There are 2 protein chains.
Amino acid sequence: MSGPTSEIETLIEMMARLPGLGPRSARRAVLHLIKKRGLLLMPLAEALRQVGETARECLTCGNIGTGDTCAICASEKRATGEICVVEDVADLWAMERAGVFKGRYHVLGGTLSALDAVGPEDLRIPKLVDRVAAEGVTEVILALNATIDGQTTAHYIADRLGAGVRVTSLAQGVPIGGELDYLDDGTISAAMRARKSF
Amino acid sequence: MSGPTSEIETLIEMMARLPGLGPRSARRAVLHLIKKRGLLLMPLAEALRQVGETARECLTCGNIGTGDTCAICASEKRATGEICVVEDVADLWAMERAGVFKGRYHVLGGTLSALDAVGPEDLRIPKLVDRVAAEGVTEVILALNATIDGQTTAHYIADRLGAGVRVTSLAQGVPIGGELDYLDDGTISAAMRARKSF
């Protein structure tokens, strides 16, 4: 049997470890890259190297930037009194795309999970408590996923922060464009309980 | 709005151009890579560079190897009298994984397609005709996909090669482990027409 060369085999194995790609799609992606060597493969290798050399975790909030302090923490335009707590950098990017929050962030790096043995010290929770005290924060917005682990983590953080600061969370309800017929019962109940005068 | 850094944005855009990845899964993959910088990101950049520098298309059959002649065309252990015609290098790899063919290959690089204006000269069909004459080939096995374009291409090649060489194609029928209830009508009809004594 004489399949891919060892260099290609190595590349396929690495690509297959990316989330969203399995062995089969990794093979397809690698063949596509080889076909577009000049346009895609070499530029991708260079882009990876650049990100590998420049990307740094912000020491304050856990966002990914190019130095010890990310662009958001460094910006004087961002309100210092509000911290939006998210699970992951991808969630921070989603919030920024929505463009609705003008304060600063705190990236937990995951959620509490008894099953996976993730405790508060494994996340950036102690650092959040420090920041709330040190930065004169007046509101902490918990923008965690509406999953069981996300909500457990939200409750834990709210308890831990205590009464000295206002803690809020994203509203739950029918998503924009959502059709009731396609929504789960939990979302409909939440939207019903949180109903507003029209 | 302050999302990913420009280096990360560039990397996400490139990853999103891979087959099987869209913008959202490219973002997830890039964050995963950044988290595993030493274990995955830098080695992946290096693996890409290596493949970019070593991968070459075989001048004889179109397979991807590391020189002008691929390992299969160069091997003296492979029968020279049989050529297995495949659409793509991924199909060649699939045949090699099955380990059932001991001859050499010919990679067309696609199928004839009136819609996409792909004619015989756009594929490696003239080269196949030359090889059949020059290499003393006795059998050409058409291992093309069982799609309309694949079968059109198979008919065209069989016509073009003429009567001087035996032209065969892969059998069609029920796949191993296949349940009749889940198979399409075309496959069942083909399997019925090609039925064998038990």
Side-chain angles (χ1 to χ4, degrees), chain A residues 1-5 7-8 10-11 13-15 17-22 24-55 57 63-66 70-72 75 78 88-90 92-94 96-99, chain B residues 1-5 7-8 10-11 13-15 17-22 24-55 57 63-66 70-72 75 78 88-90 92-94 96-99:
Chain A
M1 139 154 187
S2 179
T5 65
E7 292 90 354
I8 295 177
T10 306
L11 181 56
E13 275 164 25
M14 284 184 183
M15 295 288 287
R17 278 153 60 192
L18 295 179
L21 285 176
R24 194 167 177 285
S25 44
R27 279 199 296 272
R28 281 184 57 217
V30 167
L31 280 173
H32 184 78
L33 282 167
I34 293 174
K35 274 180 204 157
K36 312 224 164 190
R37 184 199 317 245
L39 270 172
L40 194 50
L41 191 149
M42 289 314 235
L44 179 59
E46 176 57 21
L48 278 165
R49 204 186 52 74
Q50 286 219 357
V51 166
E53 284 174 3
T54 60
E57 212 167 65
N63 184 17
I64 291 168
T66 51
C70 73
I72 295 176
S75 166
R78 310 290 299 220
D88 213 331
V89 174
L92 185 158
W93 292 347
E96 285 295 292
R97 283 196 301 278
Chain B
M1 138 154 185
S2 180
T5 65
E7 292 91 353
I8 296 178
T10 306
L11 180 56
E13 274 164 25
M14 284 184 184
M15 294 288 286
R17 280 153 60 191
L18 294 180
L21 285 177
R24 193 167 179 284
S25 43
R27 278 199 295 272
R28 279 183 56 215
V30 167
L31 279 173
H32 184 78
L33 282 166
I34 293 174
K35 273 179 205 158
K36 312 223 164 188
R37 184 197 316 246
L39 269 172
L40 194 50
L41 191 150
M42 288 316 234
L44 179 58
E46 176 56 21
L48 277 165
R49 204 185 53 74
Q50 285 221 355
V51 167
E53 283 174 5
T54 60
E57 212 167 63
N63 184 18
I64 291 169
T66 51
C70 73
I72 295 177
S75 166
R78 310 289 300 220
D88 214 332
V89 174
L92 185 158
W93 292 348
E96 286 293 294
R97 282 197 300 278

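Please read all numbers here as calculations on a predicted model, not as lab measurements. Note on naming: letters A, B, ... go to the chains in the order of the sequence lines (proteins, then strands), and numbering restarts at 1 for each one. Side chains included, hydrogens not; waters and symmetry mates left out as well; all remaining heavy atoms used.
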* Using a cut-off of under 4.5 Å for heavy-atom pairs, which of A:Gly22, A:Pro43, A:Ser25, A:Gly20 has the most such pairs with chain B? -> A:Pro43
* **Selection from A:Ile34, A:Thr54, A:Leu48, A:Leu33 maximising heavy-atom pairs under 4.5 Å formed with chain B** => A:Leu48
* Ion pair check, A:Arg27 and B:Asp88, cut-off under 4.0 Å -> no
* What is the distance from atom CG of B:Leu39 to atom CZ of A:Arg17, rounded to the nearest 0.5 Å? -> 7.0 Å
* Asked: With a 4.5 angstrom heavy-atom cut-off, which part of A:Ile8 approaches chain B: side chain, backbone, both or neither?
  -> both
* Region of A:Asn63 in contact with chain B, defined by heavy-atom distances below 4.5 Å -> neither
* Asked: Can you tell which of B:Gly65, B:Ser75, B:Ala90, B:Gly52 has the highest number of heavy-atom pairs within less than 4.5 Å of chain A?
  -> B:Gly52
* Asked: Would B:Glu53 and A:Met42 count as a side-chain contact (heavy atoms from CB on, under 4.5 Å) if you check the C-alpha gap in whole Å, the side-chain angles of each, and the deciding distance to 0.1 Å?
  -> CA-CA 9 Å; B:Glu53 283 174 5; A:Met42 289 314 235; 3.9 Å; yes
* Structure fact -> Tightest non-hydrogen contact, residues B:Ala29 and A:Pro19, listed as CA-CG, 3.9 Å
* To do: State the CG-OG1 distance between A:Leu44 and B:Thr10, to the nearest 0.5 angstrom.
  => 11.0 Å
* Please flag which part of A:Lys35 lies under 4.5 Å from any non-hydrogen atom of chain B: side chain, backbone, both or neither. => side chain
* Asked: Top residue by heavy-atom pair count (under 4.5 Å) with chain A, among B:Arg49, B:Glu57, B:Gln50?
  -> B:Arg49
* Asked: Is it the backbone or the side chain of B:Ile64 that comes under 4.5 Å from a heavy atom of chain A, or both, or neither?
  -> both
* Asked: Taking the side chain as C-beta and beyond, is there a heavy-atom pair between A:Met15 and B:Leu18 under 4.5 Å?
  -> yes
* Structure fact -> Okay, A:Leu21 and chain B: the region with an atom under 4.5 Å from a heavy atom over there is side chain
* **Heavy-atom proximity to chain B below 4.5 Å, by part of A:Arg37** => side chain
* Asked: Rounded to the nearest 0.5 Å, how far apart are CD of B:Glu46 and CD of A:Glu7?
  -> 11.0 Å
* Contacting region of B:Thr5 [heavy-atom separation from chain A under 4.5 Å] -> side chain
